[in-house]
Amino acid sequence: MNTNNETRKAEAALHDKFLKVWGNPRGWRALTIVNHTTVGIRFMVTGGIFFLIGGLLAMLMRTQLALPEQNIIEPKLYDQLFTMHGTVMMFLFAVPVLEGLAMYLIPKMIGARDLVFPRLSAFGYWCYLFGSLILMSSLVLGIAPAAGWFMYTPLTNDVYSPGPNVDFWLLGITFIEISAVSAGIELTVSILRTRTSGMTLLHMPLFCWYILVMALMIVFGFPPLILGSILLELERAAGMPFFDVARGGDPILWQHLFWLFGHPEVYIIFLPAAGIVSTLLPVFSRQPIVGYRWIVLAIISTGFISFGLWVHHMFTIGIPQLAQAFFSMASMLVAIPTGIQLFAWLATLWTGRPVYHVPMLWLVGFLFIFMIGGLTGVMLALVPFNWQVHDTHFVVAHLHYVMVGGMLFPLLAGLYYWLPHFSGRMPSDKLARWGFWLTFIGFNTTFLVMHLTGLLGMPRRVYTYPAGLGWELPNSISSMGGFIMAMGIAMVLLDIVLHFRFGRPAGANPWQADTLEWATDTPPQPYNFISLPDCSTRHPMWDSPDLQTTIAEGHHRLSEIDHGRRETWGSDPVSGAIREIIHLPGNSWLPFFSALALSGLCISLLIRNNNLALIAVSVSLVLLLSWSWKNGAFLETDSDSAVKPGYPQLHSRTFNGPGLWGMIVTLLADGALFLSILFGWLYLRVVAPHWQEPATAPLAWQPLLISGGLLTISTFWNHSIVRRLRADRDNHLQGQLWGIAAIGLAHCCVLIWAWSSSSLVATQTAHDAVIAVILMYQLFHSGLAVIMTALQAMRVAYGYVGKAAPYETAVVKPWWLYTTAVFWLAFIAIILLPIAWRSA
């Protein structure tokens with residue numbers, strides 16, 4: 001008995017020490033929290049609220065369409081409703097909620113204490129919240145966008161959509177996309193570099209594989225939309241033509257950029273939901289999932305194939321038949337990896353001993369609905385059928401079967417499954433089953449019938465319809481189904497709210513799950529695990545049922561906290577072998593105020609106040625530089641870099657820490673944006689019906705060569721510095737860094753001079769406008785390279801950069817390399833290729 005008491009006292013004392021370092025503040029200082037558990041819950045709760053708002057908008061539309069020739073809602077308002085419904089559900093609910101769930105679960109599943117860039121997570125949340133509020137405010141003000149959630153041009157240019165309606169969408173969504181890309185970078189690096197000791201890639205829970213592929217798809221898939229939004233806003237606000245046919249642009253370019261994002265977006269939403277299915281089915285089937293490796297291959301294949309399908313949204317715009325045939329085949333090809341996953345799930349059910357708790361009900365509902373959505377998807381991939389039902393309610397029904405069946409049902413299954421983890425309590429079985437059946441019946445009543453409405457020829461996006469066309473009965477049934485579904489969702493919400501007060505205690509691992517998140521306390525502590533266990537199996541909780549106890553008692557490694565640092569393992573991306581200790585930053589106001597300043601910039605652009613915009617830019621710059629200065633080597637606590645004997649170094653003492661990985665993944669996203677610009681340049685040159693090109697090149701090539709030469713010298717010099725630091729030499733480091741920054745600045749000045757002395761008029765033709773965007777892109781990157789290097793030079797004086805702490809130089813080096821590479825690619829594209837074309 002005395003031994004048990006002493007153990008509990010020691011455990012409590014250790015817990016108190018961890019809370020002093022990892023604890024979350026209360027009151028106003030709660031805004032400074034960066035912990036992944038809190039940030040993940042904030043994402044999910046906020047996304048849940050937007051789901052209810054989006055559902056309310058849908059019910060208003062179904063009320064209007066319940067009977068023919070109704071005038072409950074005016075046409076203009078109806079346009080705003082369907083635009084905002086689609087926008088809210090796709091951008092403000094689906095992706096943020098799934099990202100929030102991933103942020104909450106991933107560190108716990110891989111045995112880490114937090115995500116690798118916690119302040120970036122918090123910054124992403126605030127960007128999401130402020131961007132969403134900006135967008136939703138347009139609805140409250142009665143000036144919401146009304147051109148559909150895809151914002152096709154020319155309907156959205158300043159001729160057909162005057163006023164700020166479209167600007168709200170473009171600026172708000174771009175702000176939100178920053179949040180999504182931040183999360184994509186965060187999750188990618190965290191999964192690859194912070195798994196606990198021994199957790200190889202093939203020991204990861206399948207959910208982590210799904211999230212890894214989703215995160216990479218965000219990294220590559222969202223930049224085309226960000227670029228498209230920037231170009232359209234530049235056309236509307238500054239008169240730079242990209243989609244204006246008369247000045248050499250092409251509105252179809254917008255569709256390409258949008259669907260380059262839009263189609264992968266469907267799989268970005270589907271994959272995490274499928275990850276929930278692959279996580280829950282083995283637990284409730286009481287056996288490991290069948291075909292783990294095949295599922296991993298299927299997930300990766302789905303990610304790749306999804307980027308080759310965007311044109312199947314554009315079969316009716318007049319693209320060549322060969323292209324239609326190719327994308328039609330590619331669209332059917334995606335059924336193969338999806339089928340592999342489906343058969344693996346069915347085989348797991350078939351060979352297991354399923355128990356039908358509430359989460360399993362939602363999974364079975366998902367299988368039924370998703371199969372119907374898949375079948376109608378194959379139908380739509382057939383070009384002749386697609387032509388017949390394009391822009392009818394058949395497409396609306398298919399979209400909802402895929403998105404709601406493919407995402408909402410698994411999400412609710414996951415919500416019930418992890419509810420005891422969030423609260424420590426179990427849901428009500430009775431209310432939960434009522435919620436499921438009402439939602440399931442209501443959903444199928446609404447959308448199964450809507451297929452028929454579409455086949456009868458009813459177009460989408462019309463606010464009413466005449467009687468006598470045979471559309472009355474199916475519309476009335478769909479509207480009744482919508483209200484039944486709403487009652488089901490209300491029942492689910494009631495159950496969730498009540499369970500926090502009246503639910504019975506859940507106990508440890510109430511579902512007898514196999515993954516590591518159930519080895520934490522329920523609800524979890526901010527640090528997740530007091531000690532980090534080794535994990536060389538896919539089912540740690542099944543193989544070691546007492547893991548929760550031994551972790552809490554500190555029997556595993558990295559349980560030291562007296563140094564005051566937040567730490568987690570940094571591991572090899574493939575083998576999971578421990579490489580370094582990652583020192584994580586703590587709570588801070590910087591993410592909140594940085595996002596607030598950027599939202600001020602968005603608002604000032606919306607109201608066309610340039611002075612206010614300049615102030616917002618200045619404030620944002622100061623805050624972000626301050627963030628960069630404090631984040632580097634963690635000034636407050638990194639002075640003592642000593643670690644326990646036998647442990648690896650802190651990551652700031654290495655050349656291969658998480659910051660380098662974060663930089664590389666960021667540059668992948670950046671590269672996707674740049675390639676999208678080049679795509680637009682080449683597309684307009686080849687396809688735009690009124691492309692206008694001057695007889696002589698508007699930019700002189702000689703100053704550009706000089707500018708590129710200076711940039712190349714800076715890059716090679718920076719590269720040599722990192723190489724010397726690797727050799728443990730830092731002679732004259734500060735002077736050399738200042739020298740690199742000075743040459744980089746000279747490169748910028750020459751580039752600006754070359755631009756200002758050119759004959760480019762960015763508002764005259766698409767040709768000049770695209771070149772202007774490329775030059776702006778280059779100057780932004782070159783200027784940032786100069787600033788980062790100058791900051792490093794200043795930090796040498798404080799001892800934060802040097803041979804003892806070489807980490808930051810290794811992080812900045814890829815930025816210089818990337819900046820130089822895009823310069824020469826741009827030079828080839830805008831100088832050499834036109835010369836070659838003229839001479840051909």
Side-chain angles (χ1 to χ4, degrees), residues 98 101-102 105-106 109-110 187-188 191-192 195 199-218 264 266-307 332-354 359-360 362-364 366-371 373-374 377 402 405-407 409-411 413-414 417 511 513-517 535-543 573-574 576:
L98 292 170
L101 183 65
L105 286 174
I106 289 296
M109 281 188 164
I110 61 177
L187 290 167
T188 301
I191 292 171
L192 291 176
R195 299 194 306 274
M199 184 182 279
T200 68
L201 277 179
L202 289 178
H203 285 151
M204 277 202 314
L206 274 175
F207 184 77
C208 300
W209 272 107
Y210 282 98
I211 296 301
L212 178 60
V213 174
M214 176 205 77
L216 285 170
M217 289 176 68
I218 289 175
V266 173
Y267 294 92
I268 286 168
I269 293 170
F270 167 69
L271 284 178
I276 294 172
V277 178
S278 293
T279 302
L280 270 59
L281 271 180
V283 173
F284 293 106
S285 297
R286 305 303 188 213
Q287 77 141 15
I289 196 157
V290 174
Y292 176 97
R293 290 171 185 259
W294 281 102
I295 293 178
V296 171
L297 285 174
I299 300 166
I300 296 171
S301 304
T302 303
F304 274 111
I305 294 172
S306 70
F307 280 97
M332 294 182 198
L333 201 62
V334 79
I336 296 174
T338 308
I340 290 173
Q341 294 171 77
L342 188 61
F343 284 120
W345 295 333
L346 294 176
T348 304
L349 279 172
W350 184 264
T351 56
R353 292 169 287 109
M360 275 292 277
W362 290 97
L363 292 187
V364 174
F366 152 78
L367 290 173
F368 175 80
I369 291 173
F370 187 69
M371 277 193 288
V402 172
M407 181 266 181
F409 274 62
L411 181 66
Y417 175 71
W511 308 112
D514 59 332
T515 41
L516 267 180
E517 77 271 22
C535 181
S536 57
T537 168
R538 290 177 192 156
H539 315 289
M541 293 300 288
W542 285 350
D543 296 338
V574 177

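In this structure, the side chains of Val574 and Thr200 stay at 4.5 Å or more apart for every pair of heavy atoms. Tyr210 has its side chain within reach of Gln341: a pair of non-hydrogen atoms, C-beta onward, lies under 4.5 Å apart. You'll find the side chain of Thr302 stays beyond 4.5 Å of the side chain of Val213, heavy atoms only. Between Arg538 and Leu206, every side-chain heavy-atom pair lies at or beyond the 4.5 Å cut-off. With a 4.5 Å cut-off on side-chain heavy atoms, Leu349 and Leu367 count as touching. Side-chain contact between Ser301 and Ile336 is absent, with no heavy atoms from C-beta onward closer than 4.5 Å. The shortest distance between side-chain heavy atoms of Thr515 and His539 does not fall below 4.5 Å.
Here the CE atom belonging to Met109 is positioned 4.5 Å from the OG1 atom belonging to Thr279, to the nearest 0.5 angstrom. Taking CG of Leu101 as the reference point, atom CD1 of Ile211 lies at 7.0 Å (rounded to 0.5 Å). Leu216 contributes atom CG, which lies 7.5 Å from atom CG of Leu192 (distance to the nearest 0.5 angstrom).
Relative ring orientation between Phe270 and Tyr267 is described as perpendicular, the plane-to-plane angle rising above 60° on a 0-90° scale split at 30° and 60°.
Using a distance-only test at 3.5 Å, with no hydrogens or angles considered, no donor-acceptor pair links the side chain of Ser278 to the main chain of Gly275.
The two residues Met214 and Leu187 come nearest to each other via the heavy atoms CE-CD1, 4.0 Å. Closest approach of Arg195 and Pro573 over heavy atoms only: NH2-O, 2.8 Å. What you find for Pro272 and Phe207 is that their closest heavy atoms are O-CE1, 3.8 Å. In terms of heavy atoms, Met360 sits closest to Pro354 at CE-CB, 4.3 Å. Counting all heavy atoms, side chain and backbone alike, Ile191 lies closest to Cys208 at CD1-O, 3.6 Å. The two residues Met199 and Leu516 make their nearest non-hydrogen contact at CE-CD1, 4.0 Å.
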Could you tabulate the donor-acceptor pairs under 3.5 Å formed by side-chain atoms of residues 286-296, not counting sequence neighbours?
{"from": "Arg286", "atom 1": "NH1", "to": "Val283", "atom 2": "O", "distance (Å)": "2.8"}
{"from": "Arg286", "atom 1": "NH1", "to": "Trp511", "atom 2": "O", "distance (Å)": "3.1"}
{"from": "Gln287", "atom 1": "NE2", "to": "Thr351", "atom 2": "OG1", "distance (Å)": "2.5"}
{"from": "Tyr292", "atom 1": "OH", "to": "Met204", "atom 2": "O", "distance (Å)": "2.6"}
{"from": "Tyr292", "atom 1": "OH", "to": "Trp209", "atom 2": "NE1", "distance (Å)": "3.2"}

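Every residue meeting the side-chain hydrogen bond (donor to acceptor under 3.5 Å, both in side chains) condition with Thr537, not counting sequence neighbours, appears here in chain and number order: Asp543. Ala413 pairs by the side-chain contact (heavy atoms from CB on, under 4.5 Å) definition with Leu280, Trp362, Leu363, not counting sequence neighbours.
Less than 6.0 angstrom separates the ring centroid of Phe366 from the ring centroid of Trp345. In this structure, the ring of Phe370 has its center no less than 6.0 angstrom from the ring center of Phe409.
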